[in-house]
> 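There's a structure below that I have some questions on.
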Amino acid sequence: MGKPRKNWQELYEEYSQETGNDNKKKGKRLVRILKSTGAALNNIRKLIFSLFRGRKLLINLLILIALATGGYFIYSALFQVSDKEQIENNLLDFARLSSRSSADTTSSNLLKSRQLENYIAPECTVSVRVGMVSGTYTPGNVNAMAMRCKTLFKTANLTFSDILVNVSSPTTAEAEFNVSFQGVYKQGGEAEGVRELRCTAKKIDGKWRFDSFAIRQILEK
């Protein structure tokens, strides 16, 4: 038979005899540390044992996995936005951010113009038969152009409608849509028109960004 295990008090007595009365405080501190460590290890052992005891844990794990899997598919079916919907939403956001209402301030116009950068590819080609607008742009260029155009108008309302999106590959897409514009110049006078545009988009870092806009037809002057 092996030697009987000593309890904490016996260990403390031995430590006190070895170190002398001057080290009693150190001995007590050591015993407290050892007791705390032992209690913590014992609690961990009980927890692990209770988790892996019997078949109940396996059943609970299987139920949990089934619920998580089912929840993921329900979320994907009900809440995940398709590529077509993402592109359509991006176009609607682009029109909203490009517009200016009578309530907009300089700060709000700056913020809205800056947000346009999130929808533009690193290089975007614009061909809309308007000299001051057509060209090749970076996201920062689009921001600056939008702000410059807004300063000309008291109000400017840009609307995209009848949007048809075709996702040609996992990373490329095209869309055709009608654009209507109504604006009131700060210097007086109004501007309006309807155009049919075509745009292309690329998926960059998981987000759809527009890399070209081109006019298809002038529907109304």
Side-chain angles (χ1 to χ4, degrees), residues 72-101 103-153 155-183 191-220:
Y72 171 77
F73 284 112
I74 291 173
Y75 173 81
S76 298
L78 298 179
F79 300 104
Q80 193 170 23
V81 181
S82 68
D83 287 331
K84 286 186 176 182
E85 291 174 311
Q86 289 180 44
I87 294 169
E88 183 175 352
N89 290 338
N90 284 358
L91 284 169
L92 295 175
D93 285 343
F94 191 90
R96 175 181 58 82
L97 295 170
S98 300
S99 300
R100 174 174 187 167
S101 71
D104 281 336
T105 63
T106 301
S107 297
S108 63
N109 281 320
L110 283 169
L111 178 61
K112 289 166 67 175
S113 295
R114 189 172 299 142
Q115 289 176 328
L116 288 171
E117 298 183 17
N118 298 326
Y119 301 90
I120 302 298
E123 187 174 283
C124 179
T125 303
V126 178
S127 178
V128 292
R129 301 179 191 175
V130 179
M132 68 173 292
V133 176
S134 295
T136 301
Y137 293 85
T138 65
N141 294 150
V142 172
N143 172 6
M145 175 59 72
M147 193 61 200
R148 191 156 52 245
C149 291
K150 286 183 181 185
T151 59
L152 302 175
F153 294 91
T155 61
N157 184 34
L158 190 67
T159 304
F160 294 170
S161 60
D162 300 326
I163 300 172
L164 297 176
V165 179
N166 175 43
V167 179
S168 51
S169 79
T171 57
T172 58
E174 307 87 32
E176 295 180 359
F177 52 97
N178 292 335
V179 180
S180 62
F181 177 80
Q182 290 181 323
E192 61 180 8
V194 179
R195 304 287 187 271
E196 184 178 316
L197 293 186
R198 179 180 183 273
C199 75
T200 58
K202 292 181 179 179
K203 202 170 200 178
I204 302 172
D205 296 331
K207 295 182 180 180
W208 287 101
R209 301 178 187 272
F210 302 114
D211 65 334
S212 76
F213 289 91
I215 194 167
R216 286 176 55 83
Q217 184 179 357
I218 299 176
L219 303 179
E220 181 183 327

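Note: hydrogens, waters and symmetry copies are ignored here, and every other heavy atom, side chains too, is used. Computed from a predicted model, the values in this text were never measured in an experiment.
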> Under the side chain to side chain donor-acceptor pair (under 3.5 Å) test, which residues partner T105, sequence neighbours left out?
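Testing T105 for side chain to side chain donor-acceptor pair (under 3.5 Å), a comparison that skips the adjacent residues, returns S108.
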
> Can you name the closest pair of heavy atoms from R195 and I215 and give their distance?
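Heavy atoms only, the tightest pair is CD-CD1, 3.3 Å.
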
> What residue pairs, at least two apart or across chains, pass salt bridge (Lys or Arg N to Asp or Glu O under 4.0 Å) with a residue in residues 104-125?
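Non-adjacent pairs meeting salt bridge (Lys or Arg N to Asp or Glu O under 4.0 Å): D104-K112.
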
> Kindly list each side-chain donor-acceptor pair under 3.5 angstrom involving residues 198-207, sequence neighbours excluded, with atom names and distances?
residue : atom : partner : partner atom : Å
T200    : OG1  : D211    : OD1          : 2.5
T200    : OG1  : S212    : OG           : 2.5
K203    : NZ   : D83     : OD1          : 3.1

> Could you verify whether a donor N or O on one side chain and an acceptor N or O on the other, from T138 and N141, lie under 3.5 Å apart?
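Yes, a side-chain donor-acceptor pair sits under 3.5 Å.
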
> Is the side chain of N143 donor-acceptor paired with the backbone N or O of G140 at a distance under 3.5 Å, no angle test?
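Checking the backbone N and O of G140 against the side chain of N143, no donor-acceptor pair under 3.5 Å is found.
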
> CZ/F181 to CD/E192 distance, rounded to the nearest 0.5 angstrom?
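It comes to 10.0 Å.
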
> Kindly state each residue pair satisfying salt bridge (Lys or Arg N to Asp or Glu O under 4.0 Å) with at least one member in residues 172-183, sequence neighbours excluded.
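Applying salt bridge (Lys or Arg N to Asp or Glu O under 4.0 Å) to every pair that reaches into residues 172-183, excluding sequence neighbours, yields E176-R216.
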
> Could you work out, with ring-ring contact (aromatic ring centres under 6.0 Å, His included) as the rule, every residue matching F213, not counting sequence neighbours?
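Once residues adjacent in sequence are excluded, the partners of F213 under the ring-ring contact (aromatic ring centres under 6.0 Å, His included) criterion are F94, F210.
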
> Under 3.5 Å, which donor-acceptor pairs link side chains of residues 158-165 to any protein atom two or more places apart or in another chain?
residue : atom : partner : partner atom : Å
D162    : OD2  : N178    : ND2          : 3.0

> Holding to side chain to side chain donor-acceptor pair (under 3.5 Å), I want the full list of residues that pass it with T172, two or more places apart in sequence or in another chain.
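T172: side chain to side chain donor-acceptor pair (under 3.5 Å) contacts with S168, S169.
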
> Could you give the distance from OG (S127) to CG (L197), rounded to the nearest 0.5 Å?
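Here the interatomic distance stands at 10.0 Å.
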
> On a heavy-atom basis, which atom in A173 and which in I87 lie closest, and how many Å separate them?
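Where A173 meets I87 most closely, the heavy atoms are CB-CD1, 3.4 Å.
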
> To the nearest 0.5 angstrom, please state how far the OG atom of S180 sits from the CD atom of Q182.
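So the OG of S180 and the CD of Q182 are separated by 6.5 Å.
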
> Can you confirm whether Y137 sits close enough to I120 that some side-chain heavy atom of one is under 4.5 Å from a side-chain heavy atom of the other?
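They are not in contact (no side-chain heavy atoms under 4.5 Å apart), so the answer is no.
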
> How far apart are the closest heavy atoms of P122 and P139, and which atoms are they?
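Nearest pair, atom of P122 first, then P139: O-CD, 3.7 Å.
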
> Which pairs, with at least one residue in residues 86-95 and sequence neighbours excluded, count as a side-chain hydrogen bond (donor to acceptor under 3.5 Å, both in side chains)?
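side-chain hydrogen bond (donor to acceptor under 3.5 Å, both in side chains) check on residues 86-95 returns D93-Y119.
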
> With sequence neighbours excluded, tell me which residues meet side chain to side chain contact (heavy atoms under 4.5 Å, CB included) with A144.
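So A144 forms a side chain to side chain contact (heavy atoms under 4.5 Å, CB included) with R148.
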
> Is there a side-chain contact (heavy atoms from CB on, under 4.5 Å) between Q115 and L97? Walk through the geometry before answering.
CA-CA 7 Å; Q115 289 176 328; L97 295 170; 3.1 Å; yes

> What residues, two or more places apart in sequence or in another chain, satisfy side chain to side chain donor-acceptor pair (under 3.5 Å) together with E85?
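E85: side chain to side chain donor-acceptor pair (under 3.5 Å) contacts with S82.
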
> To the nearest 0.5 angstrom, please state how far the CG atom of L111 sits from the CG atom of L116.
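One gets 10.0 Å once the value is rounded to the nearest 0.5 Å.
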
